[in-house]
There are 2 protein chains.
Amino acid sequence: MDMEAGKRPATDPEIYQRLWNAIAERQISPGTRLKEEQLSEIFSASRARIRQVLQNLAHDGLITLVPNRGAFVSKPSIEEARDVFFARRTIEERLVERLCVTIDAAGIGKLRDHVEEERKAHAHADVASAIRLSGAFHLMIAELAQSQILTDLLRDLISRTSLIMAMYQQKDVHNCRPGRTQCDRRLHRCLDAKQALAVMHHHLAHIENQLDLETDRVATHDLEDILGF
Amino acid sequence: MDMEAGKRPATDPEIYQRLWNAIAERQISPGTRLKEEQLSEIFSASRARIRQVLQNLAHDGLITLVPNRGAFVSKPSIEEARDVFFARRTIEERLVERLCVTIDAAGIGKLRDHVEEERKAHAHADVASAIRLSGAFHLMIAELAQSQILTDLLRDLISRTSLIMAMYQQKDVHNCRPGRTQCDRRLHRCLDAKQALAVMHHHLAHIENQLDLETDRVATHDLEDILGF
DNA sequence: AATCATCAGATTGTCAACAATGTTTGTCGA
DNA sequence: TCGACAAACATTGTTGACAATCTGATGATT
């Protein structure tokens, strides 16, 4: 099969999403270099479009652009990691606070369904799904809290968190592994503002405390395998 | 003078900053269309680079990119406006909270100097400077609070605030006009966390309440005059 | 053997021409 | 006069080629 270059055009948002997922779900290790031409071939897109997508990813902090050198999956430092969690606490606590006041039955239903889905992923040891769903849960809270801006900001922070965990995680496979404890508690007590807030605070602090601030594991895999169609 | 096209190359960050300032300082009205070729001539840069800069500005929410139509200075809706203030309260209250704990003499000195500068601008009725300095003050708080991420986020939010005020402002020329009251109080009581937090909350709420949620004034001026060298 | 200059290869940065799309203007017919 | 259609124009989107830059290797020199 030598005609692999002309598989499908692949739109810009697709490319972005694909890379975003691959990084956030830790299929690409921090530090990995992303060559424009390489991606250009994988997605059958011109370098210019790849370049634009990389620009966006860089703005989200997922990759780092070094002038004349290229794009690398970001390797957040300890300080940056702590900063990400600080920002997440800031944003998510406020969101939970607001959500507790405004949430309705439909919203609670959605959260419940999601927790159920997450539980299933854990049961099947579906790590990739579990990671994605865990982030999605936090994001859902943001969306239900009706702040487009904070939702967007949080989306980036969650993906960065994923990166951070890829670098500094000690043992847990998943930032919400005790899903039925943390997530459920947060959910069930969602009608009492103060408690929900405290739970969210504790939840994020818990994740942060699990981190191992030492190793710099680097393991580059073949991008074609990960991103290819 | 027909050789106006070859004035100077103008680097990417310069272009970005120039446009950012022009929009944030309200020299360009919301809704104004920014044509690539037009900017390309003004800055003596190729369209490709202009395009990249526009991409970044769009990511910051300062301009809106409509596919196949071009870039327009954003016209935030009432809902978006409220959301911006919600996000600012979220971020800035937390920053002030932290700053109160960590600030040192040098930091206080910086803030004091800045307030003084701001006072001068007001005294000279230097509106452009006043707007810029007011934003810079809030930003300085963020920087002193040592959170790179929240600082970056706040920078965008402040510029968007400027846009919002350009659209919905009733009377005041400036979001911190009673500079010697609000800003100073916030500064002087900076050693007591609870109070400073309350002051910041009140300050932002005050700005938000000054808005006029009705008119959609559109006044497009000549970009060449505003941006030209 | 170690250090530094130089050169080839690879990769990113820039550009200008071309294609696709959207907008306006002008024309025709009712 | 008004509306619909069509052509001309203006603007954005895309591409491939070329220039600038960095990396790593080679080899000369001390």
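Fair warning: this is a prediction, and the values are worked out from it, not measured in the lab.
Judged by distance alone, the side chain of Tyr16(B) and the main-chain N or O of Leu54(B) form no donor-acceptor pair under 3.5 Å. In this structure, the side chain of Ser40(B) engages the main chain of Ala45(B) through a donor-acceptor pair within 3.5 Å.
Taking a cutoff of 4.0 Å between a charged side-chain nitrogen and a carboxylate oxygen, Arg94(B) and Glu93(A) qualify as a salt bridge. Ion pairing between a basic and an acidic side chain is recognised when a charged N comes within 4.0 Å of a carboxylate O; Glu37(B) and Arg47(B) show no such pairing.
Put simply, chain A comes within 4.0 Å of DNA chain D, heavy atom to any atom, from dT15(D) to dT23(D), going 5' to 3'.
Going from atom CD of Glu41(A) over to atom P of dT11(C) covers 11 Å, rounded to whole Å. Lys35(A) places its NZ atom 16 Å from the P atom of dG9(C), with the value rounded to the nearest Å. Computed from coordinates, the Gln38(A) CD to dA10(C) P distance equals 14 Å when rounded to whole Å. Atom CG of Leu39(A) is separated from atom C1' of dT12(C) by 13 Å (rounded to the nearest Å).
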List, with names and distances, any nitrogen or oxygen atoms from the protein found under 3.5 Å away from nitrogen or oxygen atoms belonging to nucleotides 16-21 of chain C.
unit_1	atom_1	unit_2	atom_2	d
dT21(C)	O3'	Asn68(B)	ND2	3.1

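Proximity of Glu14(A) to Phe43(A): side-chain heavy atoms (C-beta onward) are nowhere separated by under 4.5 Å. Between Gln17(B) and Asn21(B), the closest side-chain pair of non-hydrogen atoms falls below 4.5 Å.
Cation-pi check for Arg98(B) over Phe86(A) is met; the charged atom lies under 6.0 angstrom from the ring centroid and within 45 degrees of its normal.
For Glu37(B) and Arg69(A), each mapped to the nucleotide of DNA chain D holding its nearest heavy atom, the one lying further toward the 5' end belongs to Glu37(B).
In this structure, the side chain to side chain contact (heavy atoms under 4.5 Å, CB included) partners of Ala136(B), at least two apart in sequence or on a different chain, are His114(B). Qualifying side-chain hydrogen bond (donor to acceptor under 3.5 Å, both in side chains) partners for Asp113(B), counting only residues two or more places apart in sequence or in other chains: none. Scored by the side chain to side chain contact (heavy atoms under 4.5 Å, CB included) test, Gln148(B) finds Asp83(A), Asp152(B) as partners (sequence neighbours excluded).
Heavy-atom distances under 4.0 Å link DNA chain D to no residue of residues 51-63 of chain A.
Counting only N and O atoms by type, the side chains of Asp60(A) and His59(B) include a donor and acceptor under 3.5 Å apart.
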